[in-house]
Amino acid sequence: MPQEPGPTERAQIAILISGRGSNMVALAEAARDGQIPNAEIAIVISDEANAGGLVKAEEFGLETLIVERRGRPRVEHDREVIAALQARHIDLICLAGYMRVLSRVFIDAYRGRILNIHPSLLPLFPGLDAQQQALDHAATSSGCTVHFVDETLDGGPIISQRAVPVHKDDTAESLSARILIEEHKLYPEAVVMVLGGIDPLPTARV
Ligand code: GRF
């Protein structure tokens, strides 16, 4: 289990991505602008070498690391990521469009310190294509959720949510775009909540 940051230290945040990284950018901007006090983005890790978010992270001057997942057992891949996190004394991990399900080894190493953002009001519409699921169910509202990551699929304790209306003429693309605007506000706020000490999981610190 990583150590709690001391009172004068800045919390070290790692962001894990697989794609375009717009939530990573939202977190990086918030950290840069002081909206996430006493914290810094220490590293951005991608499991995809061509993730668009890597270029954006470099534009922010952030350290980036590619840990390719293809053709490797999940636990072997996760152990390499964990080693990179431990080497940088990471306190909090933010999954931001990270398309890899974490192994038990990863979750146990950082239990209560891994966050994810999902484009629905969980527990509704977990898994892939959450926005299309909302349309398929004729939902009149959907939204986004930041939650702790545990062994379940998008089922860990909820930290914060934001609702978004679903319009009659919405497509998955138009709904995704409306939800994404709220994701970019929600994720930094949720990180502030967690770093400020909302108690994550009753069992997280044993
Ligand atoms: C977001 O919709 C997020 O909720 C989901 O994957 C998408 C990632 O987008 N988990 P981005 O890479 O942050 O732009």
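Computed from a predicted structure; not experimentally measured. Just so you know, residue 1 is the first one in the sequence shown, and it goes up from there. Side chains included, hydrogens not; waters and symmetry mates left out as well; all remaining heavy atoms used. Counting starts at 1 for both ligands and their atoms, in listed order.
Within 4.0 Å of ligand 1, contacts by protein heavy atoms are made from Arg20, Gly21, Ser22, Asn23, Gly97, Ile117, His118, Pro119, Glu183.
Summarising the geometry, atom CD1 belonging to Ile117 is positioned 11.0 Å from atom CG belonging to Leu95; distances are rounded to the nearest 0.5 Å.
With sequence neighbours excluded, the residues forming a side-chain contact (heavy atoms from CB on, under 4.5 Å) with Val67 are Ile45, Leu65, Arg72, His77, Glu80, Val81, listed by chain and number. Shown here are the salt bridge (charged side-chain N to carboxylate O under 4.0 Å, His left out) partners of Asp47, two or more places apart in sequence or in another chain: Arg69. Here Ser22 pairs with Arg20, Leu180, His184 under the side-chain contact (heavy atoms from CB on, under 4.5 Å) rule; sequence neighbours left out.
Between Phe125 and His118, the distance separating the two ring centers is not shorter than 6.0 angstrom.
Closest approach of Ile159 to Ala190, counting heavy atoms only: CG2-CB, 4.1 Å.
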